[in-house]
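What follows is one structure encoded as structure tokens, with my remarks underneath.
Throughout, protein chains are lettered first and strands after them, A, B, ... in sequence-line order, and every chain is numbered starting at 1.
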2 protein chains.
Amino acid sequence: MAKKKQTERVTIIDVARVAGVSKTTVSRYLSGQYHVLSENTKHRIEKAIQQLNYRPNQMARGLKGDRSYLIGMVVADITNPFSTAILRGAEDVCKKKGYSLMVCNTDNDPAKERDYIFMLQSHRIDGLLINTTGHNNEFLRELANDRIPVVLVDRKVPELGFDTIGLDNEQATGEAVHFILHQGYGQVAFFSEPLAGVSSRQERAAVFARVLNQCGYPDHHLYEVDLQSPEQLNDALDSFLKRTEGRKRAIFAANGVVMLKLIRSLQLKKLSIPEDLAVMGFDDFEWAPLIAPGITTIAQPTYQIGVTAMERIFQRLDGDDSPAQNIAFAGKLIVRGSTPPVK
Amino acid sequence: MAKKKQTERVTIIDVARVAGVSKTTVSRYLSGQYHVLSENTKHRIEKAIQQLNYRPNQMARGLKGDRSYLIGMVVADITNPFSTAILRGAEDVCKKKGYSLMVCNTDNDPAKERDYIFMLQSHRIDGLLINTTGHNNEFLRELANDRIPVVLVDRKVPELGFDTIGLDNEQATGEAVHFILHQGYGQVAFFSEPLAGVSSRQERAAVFARVLNQCGYPDHHLYEVDLQSPEQLNDALDSFLKRTEGRKRAIFAANGVVMLKLIRSLQLKKLSIPEDLAVMGFDDFEWAPLIAPGITTIAQPTYQIGVTAMERIFQRLDGDDSPAQNIAFAGKLIVRGSTPPVK
DNA sequence: TTGTAAGCGTTATCAG
DNA sequence: CTGATAACGCTTACAA
């Protein structure tokens with residue numbers, strides 16, 4: 001065997017040579033055009049590929065024009081189980097289609113997000129799933145100009161005209177707030193990360209406020225806390241506790257991460273759930289039933305959201321150019337011991 | 001402005017035309033060879049790039065030869081917080097270096113793993129971080145032949161001769177087992193997912209057994225459970241409880257996921273921690289302090305593991321060809337209420 | 001059923 | 001300091 005330089009890769013030409021055909025023929029084989037290949041040729045190519053351990057070069061393939069077989073996925077926080085459940089669904093669909101996922105974690109930082117979008121564009125991704133900060137609309141619009149399908153996950157930006165997938169916040173929040181009021185809590189606080197730019201938080205907060213008003217509870221409390229600085233959550237909690245001293249109160253967390261930090265704070269303050277405070281919130285993470293007395297949550301069909309989002313991408317790639325859809329999944333209220341009826 | 005077909009992308013030639021220079025010159029600009037460019041030219045190119053909104057095409061760049069600027073990351077379970085914490089560290093390093101991560105989730109399935117490695121090879125990844133099932137060694141070895149750096153995370157496969165990063169299971173497990181024995185538990189069970197092929201589980205189980213023997217506790221119990229079938233964990237638990245009835249017993253979980261499922265089982269059986277059973281295990285996930293009475297854990301420096309693993313990749317890419325390293329980080333025992341001293 | 005040749009967007013080698 | 005030109009590995013007319 002001829003000696004090869006270590007880095008020298010085997011190409012379609014090598015395969016062609018070994019199989020005794022032209023590279024065009026090999027290319028035909030690779031793209032599955034078996035009907036134009038004689039059995040014999042097909043076999044010889046198969047054998048050559050085996051023997052040489054050939055791997056088609058996607059970069060060359062992609063360069064030629066149409067597809068990179070790469071999908072970008074930009075998430076705000078990869079360590080949030082909400083994100084990974086979606087990622088898992090998205091990835092399963094990608095795999096089935098022969099696509100790979102490029103995953104980017106922005107920490108909600110518009111600058112990082114911008115860098116990543118730039119990178120992804122450089123790699124000529126065929127589609128993008130994004131949990132956007134909402135501050136890079138020009139960049140995103142550019143993708144649209146390049147006819148790259150974009151699906152917004154969890155966070156809408158109506159002006160962009162992209163497909164959007166997430167929870168039905170109207171239904172889910174409404175149900176949850178009605179529930180907690182029905183349990184008899186007169187003082188309910190909504191704890192969320194900063195609302196600015198994040199539609200899901202805004203929607204939840206808005207529905208929260210509206211339902212409270214409609215039901216005749218003017219005393220509600222909305223706290224926006226930045227989880228980067230631990231004191232903020234603590235301060236908000238103190239403030240709420242002070243303002244509602246002696247009354248039946250509950251906290252409604254805008255997502256699972258907020259809820260976890262919140263419960264941690266309560267624990268450090270030696271407050272008990274539900275005696276001192278009822279607690280409920282979005283995201284039914286695995287620990288929810290295990291933290292005494294069991295935390296009431298709103299489950300989101302995260303895996304399904306990921307699957308559906310990615311399917312939308314492929315529909316677009318397959319030529320669907322219908323108007324942008326907004327797909328909202330129902331949330332499911334899961335009642336546990338943290339929100340008992342007030343006696 | 002000339003009308004462009006929607007999909008027509010702007011290339012280095014467009015930039016060259018607008019800037020009034022050759023594409024070679026633009027290429028020089030792009031690769032930062034400013035010392036060979038006149039200020040004037042540099043400026044004109046800058047402006048053209050701005051104006052056209054040009055993005056260099058990585059596929060073309062990669063095709064030309066050297067680098068794809070893509071790193072593959074293959075994990076056994078993307079929804080395991082252990083994996084995502086590592087991913088986060090790995091990704092931060094990648095971003096700093098201008099690289100992107102292709103993330104693949106294998107569910108511990110060797111066939112999926114094989115598919116993914118194939119895909120990643122097709123995309124000509126420059127490096128690979130992998131949590132391998134241990135059943136695709138031929139494929140992995142091939143990567144090594146292509147001089148692509150591979151770093152094994154959490155799971156070793158000595159015969160492959162790759163760099164390896166993970167926990168110091170000897171130290172961490174030893175410390176933990178000594179601790180639980182010291183607390184006075186005579187009956188300790190080790191619960192793990194199937195050991196076969198996964199070195200970290202094997203090491204932990206081995207140290208567990210050895211230390212128990214050394215300390216004069218012949219009665220130890222090793223349970224391998226497949227978390228896919230929920231009954232297995234339950235059955236194992238029942239068996240352990242029956243065999244140790246009336247004695248002071250503890251369970252040591254081989255990782256955070258096992259521990260969570262285990263605690264869930266205990267809860268459904270109405271067993272209390274630590275009255276009926278002490279519990280401890282690997283992985284200090286965020287819920288550990290919140291599940292009463294606080295779960296004793298062994299924290300792994302996951303973010304750091306991810307960072308270090310990826311740094312190793314880049315060292316290799318930068319030409320380091322020293323023998324394979326095995327980097328083991330110390331675990332930290334975090335004692336909480338789930339493992340009180342036996343009275 | 002198969003082959004030839006042009007071209008995808010870069011970079012690198014030469015030559016000015 | 002700048003510019004032709006030839007690759008890189010593949011697909012796709014167009015021929016045969």
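The aromatic rings of Tyr99(A) and Tyr69(A) are tilted relative to each other, their planes meeting at an angle between 30° and 60°.
Rounded to whole Å, atom P of dG3(D) lies 10 Å from atom CG of Leu37(B). A straight line from CD of Glu39(B) to P of dC1(D) spans 10 Å, rounded to a whole angstrom. Atom NZ of Lys42(A) is separated from atom P of dT2(C) by 12 Å (rounded to the nearest Å). Separating the OH atom of Tyr69(B) from the P atom of dG9(C) is a distance of 19 Å, rounded to the nearest angstrom.
Screening Arg114(B), Lys112(B), Arg155(B), Glu113(B) for a side chain to side chain donor-acceptor pair (under 3.5 Å) with Thr133(B), the sole residue that qualifies is Glu113(B).
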Name the pairs: protein N/O against N/O of nucleotides 9-13 of chain D, kept only if under 3.5 Å.
from    : atom 1 : to       : atom 2 : distance (Å)
dG9(D)  : N2     : Ala60(A) : O      : 3.3
dC10(D) : OP1    : Tyr54(A) : OH     : 2.3
dC10(D) : OP1    : Asn57(A) : N      : 3.1
dC10(D) : OP2    : Ile12(A) : N      : 2.4
dC10(D) : N4     : Lys23(A) : NZ     : 2.5
dT11(D) : OP1    : Arg61(A) : NE     : 3.4
dT11(D) : OP2    : Ser27(A) : OG     : 2.8
dT12(D) : O4     : Thr24(A) : OG1    : 3.3

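For an aromatic pair to be called close, the ring centres must be under 6.0 Å apart, and Tyr29(A) with Tyr34(A) satisfies this.
Judged purely by atom type and a 3.5 angstrom limit, Thr79(A) has no side-chain atom pairing as donor or acceptor with the backbone of Thr84(B).
Summarising the geometry of Asp126(B) relative to Ser68(B), their closest heavy-atom pair is OD2-N, 3.0 Å, with the distance given to 0.1 Å.
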Quick one, Leu63(B) with Leu63(A), criterion side-chain contact (heavy atoms from CB on, under 4.5 Å). Give me CA distance, side-chain angles, the key distance, then yes/no.
CA-CA 8 Å; Leu63(B) 180 56; Leu63(A) 181 55; 3.1 Å; yes

